[in-house]
Amino acid sequence: MTSTPLSHLLRGARGDSPRLLYGGDYNPEQWPREVWEEDVRLMREAGVTTVSVAIFSWARLQPAEDTWDFGWLDEVMDLLHAGGIGVDLATATASPPPWLTLAHPEILPVTAAGETLWPGARQHWRPTSPVFREHALRLVRELATRYADHPALVAWHISNELGCHNLYDHSDDAARAFRDWLRARYGTLDALNHAWGTAFWSQRYSDWEQILPPRLAASFSNPTQQLDFKRFSSDALKEYLRAERDVLRELTPDVPVTTNFMLTPGIKGLDYADWAAEVDFVSNDHYVHPGPQARDELSFSANLTSGIALGRPWFLMEHSTGAVQWKPVNVPKRPGELARDSLLHVAHGADAVCFFQWRQSAAGAEKYHSAMVPHAGPDSEVFRAVTALGATLRTLAPVAGTEREPAPVGILFDWDSWWASEQDAHPTELLDYRQEALDWYSALLALGIRADVVTTRPGTDLGRYRLLVAPVLHVVPERLAKELTRYAENGGHLVTTYFSGLVDENDHVWLGGYPGALRELLGIRIEEFAPLPADATVELDDATTGTLWTDRVTVTDPETEVLTRYRTGDQAGRAAVTRRTTGSGSAAYVSTRLGADGLTALLPRLLGPAGITSDLPEAARGRVEQTVRRGPDARFVFLVNRGDESVPLGEPDGEVLLGTAGDDGALVLEPRGVAVLRQPAD
Ligand code: GLA
Ligand code: GLA
């Protein structure tokens, strides 16, 4: 295993052999002292190795500006250490205390409409407030100084889910910081005016002071202003993360620093491909989004987390043992799902499995959120499942520290394209970038083909993928167009979709016909988009059905082959899916939304030329998800049941590290079950 800050953590304080870490958020301040002893005893029973402490403890640690109260935390740290449990210690800055907001209401965020977000919940602070930062960094300094040498301390947990509630702040602080960010990006007002296209609607700026965040406006705000504000808002929190991190690195240079990312449904504002280089190891929080693609989505998010971590192991900082409390209806997990969901993260590179939270709160807004120790107490199905999972993770210790073995297919996920493609004043407001990417992923799972979800984070080698799917790659700067052209010429097989190649990094349309920057590579030309109304469908001649979008495609290159045509609708008879051969590779275009089923039908025709077939036994394809983690001496093949029926897998191809073999030695995957095989590395 390569030596990384996380690999040291996996070895524990005594430098033991690596293991997978296990635990959750621990909020002892919500409980009387006598519960703490029981907590540690139960943690040991469950196999917990690591807990995150003090995430929301600011008001308790600093009850007034010049009063500190660390005694209780000293005791918690000592108790945990005595129990052999490591602490991922939070910097406690996530939720400012009431005394601070009373003294300094100017730290409170402001919405686009000018409303103040008042205290009473959490994360009520402006990312760019110098006053907030001064107070927060003072707390970080106090904590780091006090616990620098505490033997329980294994990692720092900066703040909590930065930007979960306070990402878009439109305050005067934000306006000032936005102007500074724009000055650094554009240098001159002329460059900004050009980039923002301010010749439109009399928006030309003659002084930097005139520039504002996109506050509530009479009509559509300038699209490049909107896009830049999204970039700025992600950067502002990244900059805040760096400020806390730098204090920690100064005071405790040997303690790794992380913060919990939110690669999970519903969160799109933080460009984690850009943030990942700022932390010592990547951590993620994931919450299942119920529905037919729930498990595929979990896999997609975990896979993307691995992509952001460049295939290295990462830390699952939060998920849930059962229901959450923040959806309109909160359904519990079914038997087996707690373990299956956890192990699916491990299959995608998680070396730690943690939950929100250890003990279910009796009071507060999260009292109906599941936990490792539920309201019912340890005599409960949930706690028994938690304890069983702890044992399973111990069995899987040999997996710790191993990296992802690249898959044959890459799915390119790009924040700029996500942000820009879903802005207002577009051909349709129904476009869902993440859903399109997820549908391709689901289709590949249905065919039993392994795929890596990757980003353009430096260090990512797109060229290694035989097939690269770039769904709705909307923002294509010249450099990216060239890279993709080279990719295809050198033998890669690129696939892209509707609304791709359209604009440059300033959200200016590439002229001369769509798909703009990718027109020549794809060998097609489109003069006009033809999106479909919400419930309209079109039939294609391969019996698939399109929704959302169609294009009037004209084939412009002799090397472009029409794979599928529209059979119904206004484009009937025209090309729906095309592929152009170029160099030793190809570039394909899918002009409508086929959904996971339609893509499952289409994909074999795209995979064929790339020479990609499933490496799963026929009977397991679609029913089982397979991932591979690789270490210096062994490969670990994870086989995850995608459904509720058991799947016979035949003679196991390797040593069964986890799983059930029948009397005849054949491996059977239980409903929602997971098997792990160890094979020698070749
Ligand atoms: C987030 C937060 C936690 C908790 C959970 C509940 O992940 O980080 O503090 O609120 O959501 O699901
Ligand atoms: C109105 C306005 C124009 C333009 C069109 C677009 O007519 O006067 O400036 O915005 O709407 O439909």
Side-chain angles (χ1 to χ4, degrees), residues 23-30 51-60 88-96 120-125 157-167 197 199-203 217-223 237 241 258-270 272 282-290 294 298 301-302 305 315-333 338 341-342 345 350 352-361 363-375 382 424-427 429:
D25 285 11
Y26 180 38
N27 297 304
E29 65 270 51
Q30 294 177 16
V51 290
S52 298
V53 180
I55 293 177
F56 297 105
S57 303
W58 192 345
R60 182 77 187 259
D88 167 49
L89 186 57
T91 56
T93 53
S95 196
R122 64 174 173 185
Q123 219 175 54
H124 38 276
W125 51 276
H157 179 295
I158 289 185
S159 193
N160 190 61
E161 292 192 338
L162 288 164
C164 183
H165 313 294
N166 65 349
L167 171 62
F200 180 83
W201 280 357
S202 184
Q203 291 171 353
S219 177
F220 304 111
S221 290
N222 179 303
L237 280 159
L241 164 70
T258 194
T259 190
N260 41 350
F261 292 173
M262 297 173 283
L263 293 148
T264 191
I267 302 285
K268 84 175 200 191
L270 299 309
Y272 293 127
V282 167
S283 298
N284 194 48
D285 294 355
H286 183 270
Y287 288 92
V288 171
H289 185 62
L298 187 162
S301 285
T305 309
F315 202 110
L316 178 65
M317 192 62 86
E318 289 180 26
H319 71 316
S320 70
T321 59
V324 296
Q325 97 303 358
W326 41 264
K327 293 177 188 285
V329 177
N330 298 290
V331 294
K333 291 198 177 184
L338 183 156
D341 290 359
S342 299
H345 286 288
V353 172
C354 295
F355 293 99
F356 177 85
Q357 62 177 329
W358 165 251
R359 190 182 279 277
Q360 187 169 13
S361 303
E366 294 182 323
K367 60 182 176 297
Y368 294 118
H369 192 293
S370 60
M372 297 168 84
V373 182
H375 287 156
V382 167
D424 54 15
H426 272 197
E429 61 177 30

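None of the values given here were measured: they were computed from a predicted structure. For ligands, and for the atoms within them, numbers begin at 1 and follow the listed sequence.
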(request) With heavy atoms of F56 as the reference, note each atom of ligand 1 found under 4.0 Å away. (result) 9 (O)
(request) Kindly assign one of parallel, tilted or perpendicular to the pair Y287 and W326, based on the angle between their ring planes and the thresholds 30° and 60°. (result) perpendicular
(request) Distance to 0.1 Å, residue and atom name: give those for the protein heavy atom nearest to atom 10 (O) of ligand 1. (result) E366 OE2, 2.2 Å
(request) Just jot down the ligand 1 atoms closer than 4.0 angstrom to any heavy atom of D285, in number order. (result) 7 (O), 8 (O)
(request) Calculate, to the nearest 0.5 Å, the distance between atoms CG and CG belonging to D341 and L298 respectively. (result) 5.0 Å
(message) Let me confirm one number: the CG-CD distance from L167 to Q123, rounded to the nearest 0.5 Å.
(response) 9.0 Å
(request) For atom CD of E429, decide whether the heavy atoms of other residues, nucleotides or ligands shown that lie under 6.0 angstrom number more than 12. (result) no
(message) So if I count the atoms of ligand 1 from 1 in the order they appear, which ones are less than 4.0 Å from some heavy atom of N160?
(response) 2 (C), 8 (O), 9 (O)
(request) Please identify which atoms of ligand 1 are closer than 4.0 Å to at least one heavy atom of E161. (result) 1 (C), 2 (C), 7 (O), 8 (O)
(request) Answer whether the closest heavy-atom distance between the side chains of S95 and H124 falls below 4.5 Å. (result) yes
(request) Quick one: look up the protein heavy atom nearest atom 9 (O) of ligand 2 and list residue, atom name and how far away it is. (result) W201 NE1, 4.6 Å
(request) Give me the ring orientation class for H319 and F355: parallel if the planes are under 30° apart, tilted from 30 to 60°, perpendicular past 60°. (result) parallel
(message) So for ligand 1, is N260 a polar contact partner (N or O within less than 3.5 Å, distance only)?
(response) no
(message) Can you tell me which portion of K327 lies within the under-4.0 Å heavy-atom range of ligand 1? Options are side chain, backbone, both, or neither.
(response) neither
(request) Work out which heavy atom in N284 is nearest to a heavy atom in L263; give both atom names and the distance. (result) OD1-N, 2.7 Å
(request) With heavy atoms of F356 as the reference, note each atom of ligand 1 found under 4.0 Å away. (result) 3 (C), 4 (C), 5 (C), 6 (C), 9 (O)
(request) Kindly give the heavy-atom pair with the smallest separation between S320 and S370, and that separation in Å. (result) CB-OG, 3.8 Å
(message) Below 4.0 Å, non-hydrogen atoms only: which portion of I55 touches ligand 1? Side chain, backbone, both or neither.
(response) neither
(request) Kindly confirm or rule out an N or O of Q325 lying under 3.5 angstrom from an N or O of ligand 1. (result) no
(message) Out of all atoms in ligand 1, which are within 4.0 Å of some heavy atom of W326? Include the element for each.
(response) 6 (C), 12 (O)
(message) Taking 4.0 angstrom as the limit and counting only heavy atoms of H369, give me the atoms of ligand 1 inside it, by number and element.
(response) 6 (C), 12 (O)
(request) Could you point out which residue of T305, D88, N260, T258 forms a side-chain hydrogen bond (donor to acceptor under 3.5 Å, both in side chains) with S283? (result) T258
(request) For atom 11 (O) of ligand 1, find the nearest protein heavy atom and state the residue, atom name and distance (0.1 Å precision). (result) E318 OE1, 3.7 Å
(request) Give yes if a backbone or side-chain nitrogen or oxygen of D25 is under 3.5 Å from a nitrogen or oxygen of ligand 1, and no if not. (result) no
(message) Could you check whether atom NE2 of H289 has more than 12 heavy atoms from other residues, nucleotides or ligands sitting under 6.0 Å from it?
(response) no
